[in-house]
Amino acid sequence: MRSVRLLAATSLAALVFAALPAPPASVLSAQQTRGSDPPHALDLTWDRWLDHQEMGERMQLMARTWPKFLKLSSMGKSYGGRDLWVMTINNPDTGPEDSKAGMFIEANVHGNEIQGGEICLYTIWFLMENYDRNPEIKRLVDERVFYIAPTVNPDGRDFFMHGSGASARTGHVPVDEDGDGLFDEDGPDDMNGNGLIEQIRKYVPGQGTHRVSHNDPRIMEAVPPGEKGDWILIGSEGIDNDGDGRVNEDSPGGYDPNRNYAADWQPTYIQGGSMDYPFQLPESRATEDFLRAHPNVAGAQSYHNNGGMILRGPGSAWYGDYPASDIRVYDEIGENGERILPWYEYYIIWQGLYTVHGGGIDWFSDGHGAITYSNELWNGNQYFQSPLLLGQQQDTRTPLSRGLSRFFFDDFLEFGEHYSEWTPFNHPQYGEVELGGWRKLTSRINPRFMSMELFHRNMAFTLHHADEMPLMKMGETKVESVGGDLYRVWVDVTNERLIPTITARAMNNRVVRPDLLSVTGDVEVVAAGWVPNKLVPGKTELIDQKDLKRILIRSGHPGRTTKTIEYLVRGTGSMEVTYSSVKGGTVSTTVRVR
């Protein structure tokens, strides 16, 4: 009987809907094609973390979707044989890639610092989806070339994604960390088989260093001096695999991929994890080979985590700070970054973070002349963003105080996903213990439901950085007869953006080819010089070079500056003046001398 009633109701409903007038075709068309925005060419999701294979598949999909703009290649192979993917974004209609300033964006230098990989993918996707929708994005893609490498440590990323998450910061070149002649033989062990490396606590009544918090039994508190607790914290889950009396002392890898670059490289007794010599690692070597093959790279970003920082070099105090003209550039972009990225602060690496010798940030600047930042993604204050809730974290009467806030967030916003309760376990070395603690996708990694804002804001800062790379233009020209067959010719040359074509640091290190100002055509160049101020009469500063048809400009062209070159030429006809900058592009203008 119930089935008959349902069938009758269904039939009646069908008749009612059939009798209703159909919406106009124009309304149906609008509903099908427009919500708040036109449909995406690729309707991708951004609420999960991808492993290396998935990242490669997504990049291949984007390259197939936008083949005119995107070229997917590999910088090389990791130690584990994984491709170091790099996506080149260039509009060939506005020139070849080496004629434009390049922005190099890398991420996932450390295997467990995963968010930057997704920011890289989001950046590619956003630029392509908005090329025909947003004039500013179109201009940026037309003027620049982007080289985007979402993971330069794919071995570490996959070890983190597929495994327990422990010891994933490093790459996977074997290292003998404990000096016993064996390699990677005693890393953490998932003793209870739950896919995690948890913390170990042991109950030792009246003999311990810690006690269970009365605010929350999940929290272990150190007891005050002179008192004894009932618990000791032993460390991470594992056993003594090599019988040397130590636990977890020789994990896979065991070095720091961001200490293997040539700028201020130091041996391991000064800088731990630096390996035996610069570029020993296949990943750092592949990155260096790529940058050497792309001298047009004028800006670089290396995404790390965490802390909410916008970092610039140098990595160590004794290495010396940058020249004042470079600092002014860094400061303007970095301070704008603080406005684009709430909860992030702009620092020098050694002042705001810690000392780094042999870091990629220093090398991209010192070895390649690129203005370089490293964003430390995610700040724990972002869990509770309002002044009211930040105040409650200082109030012991609230559930957000004294270490409780992380548990509150996990309990009420992520529904307990990221904490493993303390569970009894019979350890083969320690006896009866308990295992528990925070899981891998927390603390240093933002909650997934907060990813879109993190991706977009960090991308926006990096695109702002890219937009300030040098952009050369030829300006006003003027010709004046001196008498006979001699003429004075003035040509304005402008760098429209903040970053100079050659930084002062790069000039001092001689790592960037000098800019070239050349003349071709029907005239003979008798003399040439720079006009200090074309609006005020004065002496021209003569250029003392033998070949005045090919002037070398070793200091490059400053940012947001127009300079006027004055030529004294003999003859009439066409005169083409070309300004060629490795990092600012090549521009030219033709002057009719008569």
Does the distance from a Lys or Arg side-chain N to an Asp or Glu carboxylate O, for [X] and [Y], drop under 4.0 Å?
X	Y	result
Arg292	Asp289	yes
Glu288	Arg285	no
Arg497	Glu332	no
Arg82	Glu283	no

Taking Tyr147 as the fixed residue, which of Phe364, Phe290, Phe104 is the one that meets the ring-ring contact (aromatic ring centres under 6.0 Å, His included) rule?
Phe290
Could you tell me if the side chain of [Y] sits less than 4.5 Å from the side chain of [X], heavy atoms only?
X	Y	result
Trp378	Asn305	no
Leu50	Glu57	no
Arg513	Ser580	yes
Arg58	Met55	no
Ile333	Ile499	yes
Thr564	Val491	no
Trp530	Ile553	yes
Tyr131	Trp66	no

When you compare the side chains of [X] and [Y], does any donor N or O come within less than 3.5 Å of an acceptor on the partner?
X	Y	result
Asp47	Ser451	no
Tyr579	Asp515	yes
Asn336	Arg339	yes
Arg594	Tyr487	no
His52	Asp155	no
Lys100	Thr94	yes
Asn296	Asp98	no

What closest approach, in Å, do [X] and [Y] show between heavy atoms, and which atom pair accounts for it?
X	Y	value
Ser581	Thr501	OG-CB, 3.3 Å
Asn108	Asn153	O-CB, 3.1 Å
Pro500	Pro470	O-CG, 3.7 Å
Leu84	Pro154	CD2-CD, 3.4 Å
Gly556	Pro558	O-CD, 4.0 Å
Val109	Ser302	CG2-OG, 3.7 Å

From the list Met469, Glu468, Arg312, His465, side chain to side chain contact (heavy atoms under 4.5 Å, CB included) with Ile371 holds only for His465
Knowing that exactly one of Asp362, Asp366, Thr355 qualifies, which makes a side-chain hydrogen bond (donor to acceptor under 3.5 Å, both in side chains) with Tyr319?
Asp366
Give me the one residue out of Asp492, Thr494, Asn495 that meets side-chain hydrogen bond (donor to acceptor under 3.5 Å, both in side chains) with Thr562.
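Of Asp492, Thr494, Asn495, side-chain hydrogen bond (donor to acceptor under 3.5 Å, both in side chains) with Thr562 is met by Thr494 alone.
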Are more than 12 heavy atoms from other residues, nucleotides or ligands located less than 6.0 Å from atom [atom1] of [X]?
X	atom1	result
Arg133	CZ	yes
Lys478	NZ	no
Lys71	NZ	no

For side-chain contact (heavy atoms from CB on, under 4.5 Å), just list the numbers for Arg592 and Val479, CA-CA rounded to whole Å, side-chain angles, deciding distance to a tenth of an Å, and then say yes or no.
CA-CA 8 Å; Arg592 298 294 299 176; Val479 179; over 6 Å; no
Salt bridge (charged side-chain N to carboxylate O under 4.0 Å, His left out) between Arg157 and Glu54, worked out:
CA-CA 12 Å; Arg157 185 183 185 94; Glu54 291 176 302; over 6 Å; no
For the pair Trp363 and Phe279, evaluate ring-ring contact (aromatic ring centres under 6.0 Å, His included) and give the outcome as yes or no after the intermediate values.
CA-CA 11 Å; Trp363 179 245; Phe279 306 119; 5.7 Å; yes
Rounded to the nearest 0.5 Å, what separates atom CZ in Arg259 from atom OG in Ser284?
12.5 Å
How long is the span from the OH atom in Tyr344 to the CG atom in Asn379, to the nearest 0.5 Å?
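If I round to the nearest 0.5 Å, the distance is 7.5 Å.
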Can the ring centroids of Tyr373 and Phe461 be said to lie less than 6.0 angstrom from one another?
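Centroid distance Tyr373-Phe461: below 6.0 Å, so yes.
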Applying side-chain contact (heavy atoms from CB on, under 4.5 Å) to Val297 and His368, what does each step give before you reach the verdict?
CA-CA 8 Å; Val297 168; His368 293 280; over 6 Å; no
Donor-acceptor contact below 3.5 Å, side chain [X] vs main chain [Y]:
X	Y	value
Ser99	Gly585	no
Asp256	Thr170	no
Arg444	Glu113	no

Inter- and intrachain pairs under side-chain hydrogen bond (donor to acceptor under 3.5 Å, both in side chains), touching residues 537-556, at least two apart
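Pairs touching residues 537-556 that pass the test: Thr540-Glu566.
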